[in-house]
Amino acid sequence: MRIDQLLAGQDPSFSFEFFPPKTPQGEENFERALQELAPLAPSFVSVTYGAGGTTREKTVETVRHIKHELGLEAMAHFTCVGATTEELRATLEEIREAGIDNVLALRGDPPRGENEWVASDGGLEYSHQLVALLRDDYDFSIAAACFPETHIHATSPEDDLRYLKEKVDAGVDFLITQLFFDNALYFDFVERARAIGVTVPIIPGVMPITGYGQISRITTMCGATMPEHVLAELDARKDDAEAVAEFGVSYATMQCADLLAQGAPGIHFCTLNRSPATRSILSALRLWRPWDAERTGLGEPRRPPAVA
């Protein structure tokens with residue numbers, strides 16, 4: 001089923017992001033996470049592409065497995081990196097033949113060891129070109145990424161939004177944000193996007209903090225910031241891995257509850273192929289139902305809804 005149709009429902013969507021495992025131990029962790037998270041009945045799951053398109057075949061194989069063997073709606077991440085247009089079309093044909101209805105269109109990161117992004121000869125240079133290819137020639141539901149704190153390679157927040165509008169106008173059905181830890185960044189971004197005419201759903205991407213060193217590396221790599229009070233709490237626990245993970249689950253639960261209470265259309269959890277944190281957070285959210293003002297007594301959302 002197309003995810004844009006799923007998002008038309010009344011309740012918020014909950015979805016999970018996985019990456020294709022590379023080792024036997026990784027395969028074991030991945031399958032365990034899938035088996036433990038599948039009973040939570042996510043609206044959909046997505047599977048990433050490796051840097052430089054390095055997991056292209058594995059991504060399609062993994063999405064096929066999730067959709068046909070586990071019965072979960074699945075979305076393949078898909079990038080322009082390291083492929084000609086004809087090679088992109090060949091992979092898209094494979095995705096279509098696998099019965100996959102949903103694609104997350106990304107420009108992609110440079111191959112490992114390279115700092116500059118260079119289009120392949122005979123390939124595409126921008127994500128809006130990939131979106132246009134998908135919209136013109138295929139019947140996928142198309143997602144794209146967006147960046148509440150501005151893409152690390154953007155020249156300015158204004159330019160970043162202008163490129164986002166161009167991408168959405170090319171045929172994007174919904175957006176998923178990069179991870180963030182301050183909800184004000186998300187709501188400010190949504191307001192700015194709506195002001196320039198971006199009307200598609202904008203789903204916040206949330207990564208629960210599960211390890212001190214790990215989250216430091218990830219935020220440094222993608223340019224996401226963390227509020228000072230959150231950093232202080234993490235620093236106070238940095239020598240206690242269990243305490244860090246417990247704090248991470250608590251913080252993400254509060255973050256997601258606030259997002260949903262204020263009108264976010266759902267939550268896309270970056271699982272890192274692990275289940276405990278996501279399982280705990282989502283279970284708490286479904287019990288609390290912070291999006292249901294009549295039930296919670298929280299009143300009307302304090303900000304404009306995230307879906308126009």
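Linking Ile, Leu, Val, Met, Phe, Trp and Tyr residues whenever their side-chain heavy atoms come within less than 4.5 Å places Val172 and Leu133 in a single cluster. Met75 and Leu40 fall into different hydrophobic clusters, where Ile, Leu, Val, Met, Phe, Trp and Tyr are joined by side-chain heavy atoms under 4.5 Å apart, directly or via other members. Linking ILVMFWY side-chain heavy atoms closer than 4.5 Å, directly or via other members, places Val45 and Val60 in a single hydrophobic cluster. Val47 and Ile267 fall within a single hydrophobic cluster, where Ile, Leu, Val, Met, Phe, Trp and Tyr are joined by side-chain heavy atoms under 4.5 Å apart, directly or via other members.
The two residues Val200 and Arg194 make their nearest non-hydrogen contact at O-NH1, 2.9 Å. Nearest heavy-atom pair, Met1 versus Lys67, reported as atom, atom and distance to 0.1 Å: N-NZ, 3.9 Å. The minimum heavy-atom distance linking Asp101 with Glu73 is given by the pair OD2-OE2, 4.3 Å.
For the atom pair Ile203 CD1 and Leu175 CG, the distance stands at 8.5 Å (nearest 0.5 Å). Considering CZ of Phe247 and CG of Leu234, their distance stands at 5.0 Å, rounded to 0.5 Å. To the nearest 0.5 Å, atom OG1 of residue Thr177 and atom OH of residue Tyr186 are 7.0 Å apart. Once rounded to the nearest 0.5 Å, the distance linking CZ of Arg237 with CG of Asp240 reads 9.0 Å. Between the OG atom in Ser15 and the CG atom in Asn102 there is a gap of 11.0 Å [rounded to 0.5 Å]. In this structure, CD1 on Ile196 lies 6.5 Å from CG on Leu164, to the nearest 0.5 angstrom.
Counting heavy atoms of neighbouring residues, nucleotides and ligands inside a 6.0 Å radius, atom CZ of Arg274 does not exceed 12 of them.
No donor-acceptor distance shorter than 3.5 angstrom exists from the side chain of Arg107 to the backbone of Ser127, with no hydrogens or angles considered. Side chain of Thr278 to main chain of Ser275: no donor-acceptor pair is present (N/O by atom type, distance under 3.5 Å, no hydrogens or angles). In this structure, the side chain of Glu69 does not engage the main chain of His65 through any donor-acceptor pair within 3.5 Å.
There is a side-chain donor-acceptor pair under 3.5 Å between Asp4 and Ser141. The closest side-chain donor-acceptor pair between Ser46 and His77 falls under 3.5 angstrom. For the residue pair Thr225/Glu149, the side-chain donor-acceptor check at 3.5 Å is satisfied. Between the side chains of Thr210 and Gln214, at least one donor N or O lies within less than 3.5 Å of an accepting N or O.
Partners of Asp239 according to the salt bridge (charged side-chain N to carboxylate O under 4.0 Å, His left out) rule, which considers only residues two or more places apart in sequence or in another chain, do not exist here. Asp235 meets the side chain to side chain contact (heavy atoms under 4.5 Å, CB included) test with Tyr212; sequence neighbours excluded. Residues meeting the side chain to side chain donor-acceptor pair (under 3.5 Å) test with Glu93, sequence neighbours left out: Arg96.
Using a 4.0 Å cut-off between a side-chain N of Lys or Arg and a carboxylate O of Asp or Glu, Glu166 and Arg162 do not qualify as a salt bridge. Between Glu61 and Lys58 there is a salt bridge, since at least one side-chain N of the basic residue sits less than 4.0 Å from a carboxylate O of the acidic one. For Lys165 and Asp160, the salt-bridge test fails: no basic side-chain N is under 4.0 Å from an acidic carboxylate O.
Taking the six-membered ring where the residue is Trp, Phe16 and Phe269 present tilted rings, their angle falling between 30° and 60°. In this pair, His151 and His153 present their aromatic rings tilted. The plane angle is within the 30 to 60° band.
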Quiz item: Are Asn273 and Asn29 close enough, and set up right, to give a side-chain hydrogen bond (donor to acceptor under 3.5 Å, both in side chains), and what steps lead you there?
Solution: CA-CA 7 Å; Asn273 288 13; Asn29 292 338; over 6 Å; no
